[in-house]
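Every value quoted in this text rests on a predicted model; they were computed, and no experiment measured them. Atoms considered below: every heavy atom in the structure, side chains included; atoms not considered: hydrogens, waters and symmetry mates.
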Amino acid sequence: VRKLEAVETLGSTSVICSDKTGTLTENRMTVAHLWYEGTVHEANKDEDMGDPLRSRRPPSRGLDALARVMGLCNRAVFKENQEHIKILDRLCNGDASESALLKCFELEVSSLSAFRVKYPKIFEIPFNSTNKYQLSIHEQPDNESYLLVIKGAPEKILDLSTSYLNKNGEEVFINTEFIKHFNDTYAQLGNLGERVLGFAHHVLDQERFPKGCEFDPNVMQRYLKELCFVGLIALVDPPRAAVPQAVAKCRSAGIKVIMVTGDHPLTAKAIGRKVGI
């Protein structure tokens with residue numbers, strides 16, 4: 001201790017406010033569940049199955065759409081020279097959530113880098129705390145219309161959507177039954193302590209957005225009102241092993257521990273229970 005005042009301050013501490021991600025948790029996210037076509041599926045974590053997608057699940061338009069948004073609306077990439085390392089153990093350039101989505105795509109579908117070549121990115125709006133979404137626009141193979149893909153806070157993505165993919169992979173208008181199912185699933189995954197993201201897409205009108213046009217962020221934000229909701233993805237970030245004991249020691253010393261997070265309240269509550277807050 002360089003200054004005695006620091007010890008005095010620690011001794012008089014009555015409340016500690018701690019960030020959740022990376023402090024109380026390991027900041028080592030993995031995809032736990034996928035929700036598409038009205039059903040929750042456990043994410044594939046086995047890369048020794050040859051072709052995980054086709055061996056675990058039947059072909060699905062809903063999964064194809066969800067995987068496409070997950071892979072394209074994502075800036076994470078693997079660091080070089082890791083082909084010999086298992087996918088879940090590879091290091092990435094990108095934040096923890098997008099790195100988890102990258103690994104999930106590789107396990108569920110195939111090489112994301114090869115997939116991205118088919119859908120060149122031409123425009124992007126990065127995530128920010130005001131919009132609560134990330135958006136990108138891509139060219140499509142064998143289609144002159146641009147594809148808009150978006151991910152973010154589930155309630156925000158739902159508000160921007162007018163349709164969803166049903167059990168048959170067909171695009172239908174959102175109704176009260178779907179909203180109830182969405183809310184129930186969101187709560188179910190949140191109560192597991194999982195961070196939930198919503199995903200949607202939209203094929204842009206070719207007359208309004210012809211090939212080679214320039215995209216303006218303000219114009220695109222006004223245009224976001226006819227999205228098709230394709231599903232949810234839930235990620236888990238395990239608590240650090242030493243945290244529950246540390247929290248207990250703080251409590252025994254009369255110190256109140258508060259967790260600070262931008263996650264959904266249900267997710268925050270579940271993580272809080274696990275670490276003793």
Side-chain angles (χ1 to χ4, degrees), residues 31-44 53 56-74 97 100-101 104-105 108-109 125 127 130-138 140 145-205 220-236 262-270:
V31 173
H33 294 97
L34 313 170
W35 181 62
Y36 58 90
E37 295 180 352
T39 304
V40 175
H41 302 266
E42 184 179 351
N44 179 28
L53 173 59
R56 281 180 66 104
R57 304 192 183 102
S60 163
R61 292 178 61 189
L63 178 56
D64 290 344
L66 180 59
R68 184 171 63 175
V69 182
M70 169 174 57
L72 296 179
C73 192
N74 188 334
S97 296
L101 296 175
C104 179
F105 186 97
E108 291 285 352
V109 187
I125 298 178
F127 178 87
T130 301
N131 293 337
K132 294 186 177 181
Y133 63 74
Q134 174 186 350
L135 174 155
S136 59
I137 295 174
H138 303 258
Q140 298 189 84
S145 298
Y146 290 120
L147 174 69
L148 182 154
V149 291
I150 184 172
K151 76 170 186 287
E155 61 274 16
K156 179 68 174 183
I157 303 301
L158 182 65
D159 286 343
L160 296 173
S161 302
T162 56
S163 62
Y164 70 99
L165 294 181
N166 65 12
K167 293 182 178 180
N168 299 318
E170 300 168 340
E171 190 171 328
V172 296
F173 285 111
I174 289 175
N175 52 34
T176 53
E177 181 182 358
F178 173 78
I179 293 175
K180 182 181 184 304
H181 197 183
F182 166 89
N183 288 330
D184 291 345
T185 304
Y186 193 3
Q188 173 191 345
L189 297 174
N191 282 325
L192 294 174
E194 297 175 2
R195 173 181 291 180
V196 187
L197 297 174
F199 296 77
H201 67 200
H202 181 62
V203 177
L204 299 179
D205 180 65
M220 291 312 305
Q221 288 177 2
R222 293 197 298 268
Y223 191 76
L224 293 177
K225 56 183 179 181
E226 298 177 351
L227 303 179
C228 175
F229 191 93
V230 298
L232 299 171
I233 294 181
L235 307 98
V236 62
D263 285 350
H264 190 278
L266 289 174
T267 302
K269 185 177 180 180

Using a 4.5 Å cut-off on heavy atoms from C-beta on, say whether the side chain of [Y] contacts that of [X].
{"X": "I174", "Y": "L158", "result": "yes"}
{"X": "V31", "Y": "E108", "result": "no"}
{"X": "R68", "Y": "V230", "result": "no"}
{"X": "F199", "Y": "I157", "result": "no"}
{"X": "Y133", "Y": "L160", "result": "yes"}
{"X": "L224", "Y": "L148", "result": "yes"}

By side chain to side chain donor-acceptor pair (under 3.5 Å), which residues pair with T185, not counting sequence neighbours?
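Side chain to side chain donor-acceptor pair (under 3.5 Å) check on T185 returns nothing, list empty.
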Non-neighbouring partners of H202 that pass side chain to side chain donor-acceptor pair (under 3.5 Å), sequence neighbours left out
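Partners of H202 by the side chain to side chain donor-acceptor pair (under 3.5 Å) criterion come out as none, since no residue qualifies.
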Gap separating the [atom1] atom of [X] from the [atom2] atom of [Y], nearest 0.5 angstrom:
{"X": "L66", "Y": "F229", "atom1": "CG", "atom2": "CZ", "answer": "9.0 Å"}
{"X": "Y146", "Y": "Q140", "atom1": "OH", "atom2": "CD", "answer": "11.0 Å"}
{"X": "L232", "Y": "H33", "atom1": "CG", "atom2": "NE2", "answer": "12.5 Å"}

Which heavy atom of [X] sits nearest to which heavy atom of [Y], and what is that distance?
{"X": "G190", "Y": "A270", "value": "O-CB, 3.7 Å"}
{"X": "L204", "Y": "S145", "value": "O-CB, 3.6 Å"}
{"X": "L235", "Y": "A100", "value": "CD2-CB, 3.5 Å"}
{"X": "M70", "Y": "C104", "value": "SD-SG, 3.9 Å"}
{"X": "L34", "Y": "I233", "value": "CD2-CG1, 3.7 Å"}
{"X": "L165", "Y": "R61", "value": "CD1-O, 4.4 Å"}

Listing request: all side-chain hydrogen bond (donor to acceptor under 3.5 Å, both in side chains) pairs with a residue in residues 150-161, at least two apart in sequence or in separate chains.
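Matches after skipping sequence neighbours: E98-K151, Q134-K151, E155-Y186.
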Using ring-ring contact (aromatic ring centres under 6.0 Å, His included) as the criterion, list what pairs up with Y164, not counting sequence neighbours.
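Once residues adjacent in sequence are excluded, the partners of Y164 under the ring-ring contact (aromatic ring centres under 6.0 Å, His included) criterion are F178.
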With sequence neighbours excluded, give me every salt bridge (charged side-chain N to carboxylate O under 4.0 Å, His left out) pair touching residues 190-201.
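Sorted pair list: R195-D263.
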Could you give all pairs that pass the salt bridge (charged side-chain N to carboxylate O under 4.0 Å, His left out) test and reach residues 169-189, with sequence neighbours left out?
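Sorted pair list: K180-D184.
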Is there a donor in the side chain of T39 and an acceptor in the side chain of H41, or the other way round, less than 3.5 Å apart?
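There is no such pair between these side chains.
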May I have the step-by-step check of side chain to side chain contact (heavy atoms under 4.5 Å, CB included) for L266 and V196, ending in yes or no?
CA-CA 10 Å; L266 289 174; V196 187; over 6 Å; no
Using the side-chain contact (heavy atoms from CB on, under 4.5 Å) criterion, which residues pair with T162? Sequence neighbours excluded.
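With sequence neighbours excluded, T162 shows a side-chain contact (heavy atoms from CB on, under 4.5 Å) to E226, given in chain and number order.
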